[in-house]
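For reference, the structure discussed in these notes is given below.
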Amino acid sequence: MTHSYSVKPVHQLPGRLRVRIVQLREQPDVAGWLKTHLLSFTGVKTVRLRPAAASAVLTYHTSKTDAEKLLTQLNAIDWDSATDSEYEAEYCGGDNLLNLAGLAATQFLPKRWSALPAIALMAPTIAEGVESLCQRELKVEVLDALALSLSIARGDYRTAMLTQSLLTLGEYFEQETSRHSDELLSELMQPQYHSVWVERDGESEEINAEELVNGDVMLLGPGDSIPADGSVLRGIGLINQASMTGESVPVRREAGAWVFAGTQVQDGNIAVRAERVGDESSTANIRRFITESLGQRSETQQVTQRMADRRVAITLGAGAGVFALTRDWNRLASVFLVDYSCALKLSTPIAFKSVMYKAATSGLLLKGGRAIEQLADIDTVVFDKTGTLTYGDMLVTDVVSFDPKHTWAKRLLAIAASVEEHSNHPLARAVVSAAQQHELPHINHGEVEYVIAHGLISELDGNRMVIGSRHFLREHYHIDFSPFLTQIEELEEQGRHLLFISLNEQLVGMIGLQDNVRDEAAEVISQLRELGIKSVILLTGDKQHKAEQMAKDLGIDQFFAEATPESKVSVVQSLQEQGCRVMFVGDGVNDAPVLTQANVGLAMNQSTELAQQAADAVLLQDSLHGVVTARELAVDAMKLVNSNIKLTEWINSAIMLAAAMGRLSPTLSALLHNGTTIGVLLRSLAARK
């Protein structure tokens, strides 16, 4: 049963809304989930939550939404779908102002009067440290609490308050940096709702895009954003797809073509039938993908979390050693204020989010830090064939006439196309397309009979014509292939798929077709090798000789022919057992199991929804270059993460040494530590560029 809880407004200004959410206090563990959910609301810019106060503050674009709409959405939240996720209490500008007031009090009031406000302001920090100790956890809160307690115990409220102010200011800037990385991704999650003209019952009317339903005909012109996925019914338009695919050059779309929600009509007028509106649209799928990604923690994040926790114990031990040798309380407090953990814990997720944002703007969706880690670690790439290395359609490469006097090559192709246009088979479409490219005339013929999985039968100038496979013509019409075996075998060795044509039981010609290999396929495979990939493998349902030819043409190391969905999984499992770290690139429904089995699954732009859900990464543009982009970004991301860890270790160790030697006061120690942390976080955030 779905529960709903009343969300009440507390205060509002143009572009800012504060609300009370009782459920937030009852379920504080879902605060992280709630924040991500709220960032996906139309027009929302930032979200700040206070679970203990059951409070949420939203800032928003007034041109895109208003307080009333937001309250409606807030009250419609399905709390039963909430999931536990990490959430760190957030500081705001008011916290820093309070600390400044407390600091001023310690400067200008007598000690006995300034002690009370100072202790009151420091109490939450000390309480967090005590709570951590009670739970038998050595965290940075313990260090901060000890450093403040030492100053209070010595009656040095001025130093204690200055340290507290620096700690809060540092936390505030760290969280602002982290929030900025979340907001970058929230831009990609924002649904783009606006008014749109539609054609209903023969009349044109303007509606809000939220009111669109499947089947509506959208009337779009220059400058219009497309609010739903659909197919063009009429007109010709230039569509800017940069928001979806990263392509800088607009593409031409005419009747029958597919257009995506979130893209824009740059020129021309088109009528588009809405076929995927709201939560079914491509932008909604991206939103779900990113939301899911934000909830995933990578192995590196878990490792750095454990490293950070261990460093707390090291700092405590170092402080105890320094005090045992010097009996200097100032040195002890200075050492306790050196904290490795903030930079270690926060820099990694911010770096991953920045790279995810950069990837998305480059036409690639990455499902969180785990996907980035695994992409950087792979050494083997396995490609599915159809729809991945090829476009999924066939290409006519050879037209051979066995009776050139009566059916020369061009006439043979024209005859075949005139009959094949009655079929939707991929081979038939390829033949028709080849005839159109050569501007061949239509040849009149009789009624066409389609024999499923075999071929076509018709009549031409009083002659019975049969077009189909070698097996069909030989077994059903007893046609003799022996005089032409040499030519047939030559094309078969080149991996051609052959279509045969007979007139009155006499073989008159054949048409050779091959997979329409992507122009960039060979280049991409070469680039992957330059990026450290040791082995490239082809999986295909084709026969042995066809698979072998394609592998040879593209420079592929190994191939597996006549593959089934089950055997694809077995191949990947076998490679993993040999120690290979495998990325599988595919697009179909039957690829979902192997996309899941691989260390990294990458789904093509035109892949099925099931394949995209199973994958760790999804291409937004119909090009294999995204595979190279994925690898490059992942390698760069891991270099950044590892260098951040080293920087944090070395710089904080230097600060600790200086503190232990008495060269730094507690205030200066806190200032240097927080400055280092913020610098490392900004470095991670800069990866988005």
Side-chain angles (χ1 to χ4, degrees), residues 181 184-185 188 242 244-248 286 289-290 293 296 298-301 347-383 388-389 518-537 554-557 580-587 595 598-605 607 612 615-646 683-689:
S181 69
L184 286 174
L185 289 172
L188 303 172
M244 283 294 292
T245 67
E247 295 171 283
S248 57
I286 291 172
F289 196 98
I290 292 170
S293 302
Q296 292 193 354
S298 69
E299 179 62 28
T300 305
Q301 284 173 257
S347 66
T348 299
I350 289 175
F352 285 155
K353 288 173 185 176
S354 297
V355 169
M356 285 169 61
Y357 177 79
K358 183 177 180 180
T361 55
S362 302
L364 172 73
L365 289 179
L366 296 174
K367 196 178 285 185
R370 179 192 169 277
I372 294 170
E373 280 176 338
Q374 299 282 17
L375 271 164
D377 200 38
I378 56 167
D379 56 21
T380 303
V381 177
V382 178
F383 284 101
T388 304
L389 288 174
R518 292 178 181 273
D519 297 333
E520 73 276 13
E523 180 188 0
V524 164
I525 289 168
S526 174
Q527 289 174 336
L528 286 172
R529 293 191 196 286
E530 292 171 8
L531 290 169
I533 300 302
K534 296 176 182 175
S535 181
V536 179
I537 295 169
L554 296 179
I556 291 173
D557 303 300
C580 299
R581 297 178 294 277
V582 182
M583 174 166 71
F584 178 83
V585 186
D587 75 326
L595 283 165
N599 299 80
V600 180
L602 191 149
M604 295 294 290
N605 167 253
S607 59
Q612 293 187 9
D616 299 292
V618 178
L619 298 182
L620 294 179
Q621 55 194 41
D622 192 22
S623 167
L624 283 175
H625 285 300
V627 181
V628 176
T629 301
R631 170 70 171 182
E632 286 176 331
L633 287 176
V635 170
D636 289 345
M638 293 312 298
K639 284 180 181 175
L640 174 63
V641 166
N642 291 326
S643 67
N644 278 344
I645 292 171
K646 289 178 182 177
R683 187 170 183 255
S684 295
L685 192 62
R688 73 190 188 278
K689 297 179 181 177

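These numbers come from a predicted model, not from an experiment.
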Check whether any side-chain heavy atom of [X] lies under 4.5 Å from a side-chain heavy atom of [Y], and answer yes or no.
X: Phe383; Y: Ile525; answer: yes
X: Phe352; Y: Leu366; answer: no
X: His625; Y: Gln527; answer: yes
X: Leu531; Y: Val635; answer: no
X: Met583; Y: Val627; answer: yes
X: Leu364; Y: Leu619; answer: yes
X: Leu389; Y: Arg518; answer: no

Hey, what do you get for [atom1] ([X]) to [atom2] ([Y]), rounding to the nearest 0.5 Å?
X: Thr380; Y: Asn599; atom1: OG1; atom2: CG; value: 9.0 Å
X: Lys639; Y: Ser643; atom1: NZ; atom2: OG; value: 10.5 Å
X: Leu633; Y: Leu375; atom1: CG; atom2: CG; value: 9.5 Å

Nearest atoms (heavy-atom pairs only) where [X] meets [Y]:
X: Ala521; Y: Leu554; value: CB-CD2, 4.1 Å
X: Val600; Y: Ala371; value: CG2-O, 4.5 Å
X: Leu602; Y: Ala630; value: CD1-CB, 4.2 Å
X: Asp616; Y: Arg370; value: OD1-NH1, 3.0 Å
X: Ala637; Y: Ile372; value: CB-CG2, 3.6 Å
X: Val641; Y: Ala351; value: CG2-CB, 4.0 Å

Starting from the C-alpha separation in whole Å, work towards a yes-or-no answer on side-chain contact (heavy atoms from CB on, under 4.5 Å) for Asp379 and Ser535.
CA-CA 7 Å; Asp379 56 21; Ser535 181; over 6 Å; no
Output all residues satisfying salt bridge (charged side-chain N to carboxylate O under 4.0 Å, His left out) with Arg683, sequence neighbours left out; order by chain, then residue number.
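For Arg683, no residue satisfies salt bridge (charged side-chain N to carboxylate O under 4.0 Å, His left out) once neighbours in sequence are set aside.
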Just to verify, what does Asp557 make a salt bridge (charged side-chain N to carboxylate O under 4.0 Å, His left out) with, not counting sequence neighbours?
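Partners of Asp557 under the salt bridge (charged side-chain N to carboxylate O under 4.0 Å, His left out) test: Arg529.
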Between the side chain of [X] and the main-chain N/O of [Y], is any donor-acceptor distance below 3.5 Å?
X: Arg631; Y: Ile378; result: yes
X: Glu520; Y: Leu624; result: yes
X: Ser354; Y: Ser684; result: yes

Hey, mind stepping through Met638 and Asp377 against side-chain contact (heavy atoms from CB on, under 4.5 Å) and telling me if it holds?
CA-CA 9 Å; Met638 293 312 298; Asp377 200 38; over 6 Å; no
